[in-house]
There are 2 protein chains.
Amino acid sequence: MERRNEISIGTLANRTGLAVSAIRYYETQGLVAPERNAGGQRRFLRSDIRRLSFVMIAQKFGFTLDRIREVLGRLPEKRTPNANDWSEISKDFRAELDEQIAALTRLRDKLDGCIGCGCLSLDRCALYNPDDVAAEKGSGPRYLLGDEAVRPED
Amino acid sequence: MERRNEISIGTLANRTGLAVSAIRYYETQGLVAPERNAGGQRRFLRSDIRRLSFVMIAQKFGFTLDRIREVLGRLPEKRTPNANDWSEISKDFRAELDEQIAALTRLRDKLDGCIGCGCLSLDRCALYNPDDVAAEKGSGPRYLLGDEAVRPED
DNA sequence: ATAATTCCTAAAGCTAACTTTAGCTCAAGT
DNA sequence: ACTTGAGCTAAAGTTAGCTTTAGGAATTAT
């Protein structure tokens with residue numbers, strides 16, 4: 001039975017649209033921290049619906065779960081977060097989102113210059129300068145673009 | 001020995017800054033198709049330097065290797081691509097990049113509206129409408145955001 | 001002629017963000 | 001009391017984009 005302010009993982013899944021397995025996974029990642037009832041089942045708070053909603057939105061923005069966990073860490077822990085609390089941490093995203101858009105725009109502008117020449121060569125093309133977008137996805141070492149250079153005739 | 005227009009994988013790696021293993025992987029993905037010499041070693045064309053440069057740039061833009069392969073498919077196969085050919089397929093990216101920037105901008109604007117209210121609730125928040133950014137990364141099924149809704153008090 | 005490089009293949013490993021499976025326990029409905 | 005339906009854990013599987021490892025074979029340098 002669900003008590004006034006407690007909901008089961010299934011209910012939470014229905015309300016957020018997330019899969020039950022995803023919610024469990026989020027718990028292992030420290031994004032939610034449900035209590036347990038006598039039988040060992042997870043009991044979430046209703047406010048976790050909004051918490052997970054926030055996670056979903058942040059993901060749309062392309063943030064990683066690690067980063068999202070950090071931001072969530074800035075919510076007050078002693079009381080249930082209110083609209084203003086959510087509003088505050090959303091501003092963090094706003095700034096990063098702006099930077100992302102700016103970076104992508106810079107990249108596009110460089111591409112414009114390069115479409116004219118069709119060069120795309122490592123030493124002369126502006127696209128190779130590393131001030132670009134965040135990058136760093138996948139795994140393992142990503143190589144910085146050095147200037148080993150393409151010879152003019154290549 | 002490398003003949004006039006043929007280079008080894010090591011040379012290609014040096015010229016592009018890519019790891020040898022990455023180049024081999026790109027071959028499995030159909031992004032380059034080197035010939036082999038008598039001893040079974042790969043022989044690339046000098047023009048593959050530019051080809052891989054293009055791949056690297058496209059990745060900066062966030063395109064997947066699958067998508068990049070498609071775009072590369074539009075290059076002429078009978079002759080070595082010239083500046084104009086590269087310029088042409090770059091325009092494809094330009095358009096998609098614009099759309100990406102636009103989508104991210106729309107998302108940011110919605111966030112602006114939401115920062116004011118701090119709602120983030122599934123039924124009323126504009127951030128939940130699915131016109132947003134490309135998404136679809138990671139693996140497995142991603143759930144479309146339905147409107148199961150959060151009740152006002154949640 | 002050798003030693004030192006470079007290259008080759010196949011298979012396994014890695015990260016992120018989850019899902020799927022297997023086997024079992026809890027809780028709810030009748 | 002019993003049968004479903006939820007939930008639980010641990011481990012393995014998935015995708016993308018590569019790297020690492022292992023064990024040989026081809027090249028290049030001396």
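Numbers restart at 1 for each chain; the letters A, B, ... are given by sequence-line order, proteins then strands.
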For [X] and [N], what is the distance between atoms [atom1] and [atom2] respectively, to the nearest whole Å?
X	N	atom1	atom2	result
Leu18(A)	dA17(C)	CG	C1'	12 Å
Ile68(B)	dG17(D)	CD1	C1'	11 Å
Gln41(A)	dC8(D)	CD	P	5 Å
Ile9(B)	dT9(C)	CD1	P	9 Å
Arg43(B)	dT6(C)	CZ	P	13 Å
Ile23(A)	dA17(C)	CD1	C1'	14 Å
Leu12(B)	dC8(C)	CG	P	11 Å
Arg24(B)	dA11(C)	CZ	P	15 Å

* **Pairs where residues 12-40 of chain A contributes a residue and the test ring-ring contact (aromatic ring centres under 6.0 Å, His included) is met, not counting sequence neighbours** => none

* Please check the phosphate of dA16(D) (OP1 and OP2 only) for any side-chain N or O of Tyr25(B) closer than 4.0 Å. => no

* Below 4.0 Å: OP1/OP2 of dG7(D) and any side-chain N or O of Asn37(A) -> no

* Search all heavy atoms of Val55(A) against all heavy atoms of Ile68(A) and return the closest pair with its distance. => O-CD1, 3.8 Å

* Decide yes or no on side-chain contact (heavy atoms from CB on, under 4.5 Å) for Gln41(B) and Ser8(B), but give the supporting numbers first. => CA-CA 8 Å; Gln41(B) 303 196 341; Ser8(B) 68; over 6 Å; no

